[in-house]
Amino acid sequence: MATKILLVDDDTTFCLMLKTWLTKRRFQVEEAFSYREACQKIKKDSFGVVLTDLRLPDEDGLVLLRHIKKSMPEAQVILMTGYADITTAVQAMKAGAFDYVAKPVIPEEILKKIQDALSLREMPAQKEKTEKEREITYIKGTSREAEQLYEYIQLVAPTMMTVLITGESGSGKEYIARSIHSQSTRKNAPFVAVDCGAIPKDLAASEFFGHVKGAFTGAVSDKTGYFVQASGGTIFLDEIGNLSYDVQVQLLRALEERKVKPVGSDRETAFDVRIISATNENLVQAVAEGHFREDLYHRLNEFSLKAQSLRERREDIPVFAHHFLEAANRELGKDVIGFDDTVMNVFRNYNWPGNLREMRNVVKRATLLCREGFIRQEHIPAELPQTVAAPQKKDLAQIRGQQEAELIREALEKCGNNKSEAARMLKIDRKTLYNKLKLYTIE
């Protein structure tokens, strides 16, 4: 039986397009154009998923969310907003929303969220696990660089390609590795993270490949190495550049033969793992200087990803800040709403040398100190700049938006305002064009 979806939005054109798109994918869709109409339909029928706009003509989407959770708690609610209101989205998640999406809505993204919502609804026993996987999507960011990174993750995740993740310390390399694992066919198998920089040189072989009792002083029992522990799943080798040359040789042999020989044993043990590695060093330079084996580098680098620093993606700073605030609220039992404008401006202009790790610590500390609704300047560490920098020139997102709007105007002019022809010229679908016309207020 087709899943019933209630679509609530006062934009009739958008409703019709999304309803048609979802119906083709075998969903049963009903639409409502106001809070009152939605309540009437909920009273008469039950729905698996409700997609609702945040701003309705007669009431707030959060009010509808609370009504749904009270009258139809089994339904999953996904909020849609064209206002990029992160604070409201966080409040919605606290009130029981499954997720939210920013307009203009990408149909494939909505479809993925609907599928995830239905999966959570049908498998309550896996709720905790699903929530952890959902958390990945919330902090991917909204910048073009973040979207491209997420697209690459989706492309490489289902494959068996080895992935090398580069980036500064604290930029989220392990987060990317876990995201790849969670979207792969191995997501139900182990994910074993190994900090190569923390393993003593003399114990590296034992840690990676295991040992048998009596193999060396202190080997009082058999030990299973990381590769066998991760068999069937993914092994994440963090700070791979810190491995000694001798260990690199052993690692290369293990990767080529897909077998390991525990220290002190004559028997080889086969393993089946996906290799993801990460480094904050320049491995190309290390190869050139003879510190890292070139053949191992190419073995680990079938596909590369770069975790960008926060100063390279400043438009994502509010997204990460609110994500860490939500996590801190849960951990500390607090209910801080958000950040005042002064603090957010400081965050945007600070260079964040420790990247995401530093921001998480700053936000957690500020949440602990905050006794009001919003985090203020006195709650953040003194080492952060306490004065807001002068207004900056237009950022890349603004420039990009202006250029996109200009291209759309030129295409419409060339096509005599024929929107279908303009969409083909711009290589986008009509729905996307209509959303962008609305976004840029193009008549």
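Worth saying up front: this structure is predicted, and the values here are computed from it rather than measured.
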Gap between atom [atom2] of [Y] and atom [atom1] of [X] - 0.5 Å precision:
| X | Y | atom1 | atom2 | result |
| --- | --- | --- | --- | --- |
| Leu251 | Cys196 | CG | SG | 8.0 Å |
| Ile42 | Lys70 | CD1 | NZ | 13.5 Å |
| Asn349 | Asn351 | CG | CG | 9.0 Å |
| Asn188 | Thr185 | CG | OG1 | 9.5 Å |
| Ile375 | Phe347 | CD1 | CZ | 6.5 Å |
| Glu257 | Leu252 | CD | CG | 9.5 Å |

Would you find a donor on one side and an acceptor on the other, under 3.5 Å apart, between the side chain of [X] and the backbone of [Y]?
| X | Y | result |
| --- | --- | --- |
| Ser231 | Val228 | no |
| Arg274 | Met161 | yes |
| Gln76 | Phe98 | no |
| His323 | Val319 | no |
| Ser265 | Lys261 | no |
| Glu207 | Tyr226 | no |
| Lys69 | Ala75 | yes |
| Gln229 | Thr224 | yes |
| Arg360 | Phe324 | no |
| Glu31 | Leu7 | no |

>> Atom OH of residue position Tyr152 - does it have more than 12 heavy atoms of other residues, nucleotides or ligands inside 6.0 Å?
In response: no
Any idea which heavy atoms bring [X] and [Y] closest together, and the distance?
| X | Y | value |
| --- | --- | --- |
| Ala321 | Val363 | O-CG1, 4.0 Å |
| Gln250 | Ala205 | OE1-CB, 3.4 Å |
| Leu79 | Gly61 | CD2-O, 4.2 Å |
| Ile337 | Leu325 | O-CD2, 3.7 Å |
| Thr367 | Lys334 | O-CE, 2.9 Å |
| Thr3 | Gly48 | CG2-CA, 4.4 Å |

field: Residues Arg313, Glu145: salt bridge by 4.0 Å N-O rule
entry: no
Check your understanding: If you measure from the Lys or Arg side-chain nitrogens to the Asp or Glu carboxylate oxygens, is any gap between Arg186 and Asp272 under 4.0 Å?
Key ->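 Result for this pair is yes, salt bridge flagged.
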Report yes if the side chains of [X] and [Y] come closer than 4.5 Å at any heavy-atom pair, otherwise no.
| X | Y | result |
| --- | --- | --- |
| Gln183 | Lys187 | no |
| Ile317 | Tyr350 | no |
| His211 | Lys223 | yes |
| Ile199 | Phe208 | yes |
| Ile153 | Ile176 | yes |
| Phe27 | Ile114 | yes |
| Glu256 | Leu296 | no |
| Asp316 | Leu310 | no |

(message) Assess the residue pair Leu283 and Leu164 against the criterion (side-chain contact (heavy atoms from CB on, under 4.5 Å)); give the C-alpha distance rounded to whole Å, side-chain angles, the decisive distance to 0.1 Å, and a yes or no.
(response) CA-CA 10 Å; Leu283 286 190; Leu164 177 62; 4.1 Å; yes
Applying side-chain hydrogen bond (donor to acceptor under 3.5 Å, both in side chains) to Arg424 and not counting sequence neighbours gives Glu421
Could you check Lys306, Arg357, Arg311 and say which one makes a salt bridge (Lys or Arg N to Asp or Glu O under 4.0 Å) with Glu168?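 Among the candidates, only Arg311 passes.
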Apply side-chain contact (heavy atoms from CB on, under 4.5 Å) to the pair Leu255 and Ile275, showing each step before the final yes or no.
CA-CA 9 Å; Leu255 296 181; Ile275 312 291; 3.6 Å; yes
query = Which ring pair (Phe, Tyr, Trp, His ring centres under 6.0 Å) pairs, counting each pair once, include a residue from residues 258-299, with sequence neighbours left out?
reply =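 Qualifying pairs, neighbours excluded: Phe227-Phe271.
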Do Ile240 and Glu281 pass the side-chain contact (heavy atoms from CB on, under 4.5 Å) test, and can you show the C-alpha distance, the side-chain angles, and the key distance before you say yes or no? CA-CA 9 Å; Ile240 191 76; Glu281 299 181 17; over 6 Å; no
Steps toward side-chain contact (heavy atoms from CB on, under 4.5 Å) verdict (Glu239, Thr279): CA-CA 4 Å; Glu239 302 307 340; Thr279 182; 4.3 Å; yes
